2 protein chains.
Amino acid sequence: MSAAKTARERVRAEMVREITDIARTHLARDGAAGLSLRAVAREMGMASSAIHRYFATKDDLLTALILDGYNALGDAAEASQQGQDPTGRWLALCHAVRDFALARPHEYALLYGSPVPGYQAPRDTVAPAMRTTLVYGRIIADARPVSPVAATPPAAIGPDLDALRSVMPGVADEVVIPAVTAWTALFGAVSFELFGQFGDTITHRREIFDAGMRSLARYLGL
Amino acid sequence: MSAAKTARERVRAEMVREITDIARTHLARDGAAGLSLRAVAREMGMASSAIHRYFATKDDLLTALILDGYNALGDAAEASQQGQDPTGRWLALCHAVRDFALARPHEYALLYGSPVPGYQAPRDTVAPAMRTTLVYGRIIADARPVSPVAATPPAAIGPDLDALRSVMPGVADEVVIPAVTAWTALFGAVSFELFGQFGDTITHRREIFDAGMRSLARYLGL
DNA sequence: CAGAAAAGAGAGCAGTGCTCTTGACGAGCG
DNA sequence: CGCTCGTCAAGAGCACTGCTCTCTTTTCTG
């Protein structure tokens, strides 16, 4: 990349950046379903038809936003890992995910909420999505769950355990299942809070989240 | 209910039922955002304007579907509790939730996925939503988490603990946080599986879910 | 049976994604 | 230098959407 190609390509890249920026503000206000190509075009002062030169379809624009979102979360997740002990890194990761979700709720919903109907994520979203998971994999490497929590999983799921281990290398069989469960608990907690499942029964959301994640750290034996 | 009122009211109730039934099939195919009053009206052979006599707005139709969904899940959750031991009841509840989600994915997404933009759930959805939670509250009543998992929560969140205890009566302070965390883990696991976060790395989804929920049962000390 | 209430039909408004065609501009080549 | 060709913008148009308003038809009730 770089190495200023033709002037045309430079202005085109700038247009794409401006479109995604505007789209992100619309996303933050109206959500994925309310995102409108025409509205973005209007805000840019161009005809509704012209925007299709940059993003052929609405799904393409959505894909760009999803990629940006995964990368922003991946950045935050990696930046949170400042050489602490495993528990500290786990808590930092949890709060990085939660902070991202609270700061950019519609982007979080785009990544981890219900899939947009009719939209099929292309292959190249997988790698950016994996970045955050890999941060977790490095934390979980030295987890030692206490005996009652860990249990040798049924033999039938051996191949799946190996597949899951590809994101958390060197993890023992009895640890894989608790590790996956804690990972889903993190996103379940964030989604519950963000999507309003707690209603208004909870006021100290951050503290309760923190206590839950600490409890999971003990569950994982970090 | 009952006591056949006027014949008009009978046919009206039947119309409402038919509309929601058709809407449910459309929801299953196109998701909440793709739900179209006009399409439902078309399938019923009536003018697009006439359907507003039964559901004034699209949100009203959505509310009816959400209420039906919560009640269907609540039915399944309650039916799953056939006087077993706590662990058995917990696992039965988990699988009831997962089975519901797999059987009616778009309805699950409507209940527990990203909120529909611009839609605000009315008050009367709270009670049906609580039904499933209350089933969980009865299970958790005799949880005894092992010492490393439980921990006395910070004093500041005392009022929140009381609020949370309203759905799980008689639960000790150290148990509330793990109980909430396990509850979010359940829905996190179901959402991850349903929303495709696992990609195609996992084949024995049911077995892995089951192993995770068993692990949570030990975490909770059921 | 007559009047009132409910239900349906149709037109219309403002918005959407997306396509096709037409016209303008600029960069590179003979 | 002149000319071609790819890129871009714009406009019109299609098939949708939710929702409102008016008008007519049906149906129930006093």
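Computed from a predicted structure; not experimentally measured.
We find that CD1 of Ile19(A) is positioned 12 Å from C1' of dA9(D), with the value rounded to whole Å. To the nearest angstrom, C1' of dA6(C) lies 12 Å from CE of Met15(B).
Taking the centre and axis of the six-membered ring of Phe198(B), the NZ or CZ atom of Arg205(B) falls outside the cone set by 45° and 6.0 Å.
Non-hydrogen atoms lying under 4.0 Å from DNA chain D are contributed by nothing in residues 60-68 of chain B.
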In 5'-to-3' order, the base (B), backbone-only (S) or no-contact (-) status of each nucleotide in nucleotides 10-23 of chain D, using a 4.0 angstrom heavy-atom cut-off, is BB-B---BBBB---
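Side-chain atoms of Tyr108(B) and Ser191(B) form a donor-acceptor pair, as typed in the model, at a separation below 3.5 Å. Using modelled atom types and a 3.5 Å distance limit, the side chains of Tyr119(A) and Thr63(A) yield a donor-acceptor pair.
The aromatic rings of Tyr136(A) and Trp90(A) are tilted relative to each other, their planes meeting at an angle between 30° and 60°.
The side chain of Tyr54(A) contributes an N or O atom lying less than 4.0 Å from OP1 or OP2 of dA9(D). Listed pair Arg12(A) / dT7(D) fails the phosphate criterion, with no side-chain N or O lying under 4.0 Å from OP1 or OP2.
Under the rule for a side chain to side chain contact (heavy atoms under 4.5 Å, CB included), the partners of Thr57(B) that lie at least two apart in sequence or sit in another chain are Asp59(B), Asp60(B).
Taken to the nearest 0.5 Å, the CZ atom of Arg29(A) stands 10.5 Å off from the CG atom of Leu35(A).
Annotation for Glu14(A): atom CD counts as buried by contact number, over 12 foreign heavy atoms lying within 6.0 Å. Around the CE atom of Met130(A), the shell of radius 6.0 Å holds no more than 12 heavy atoms that belong to other residues, nucleotides or ligands.
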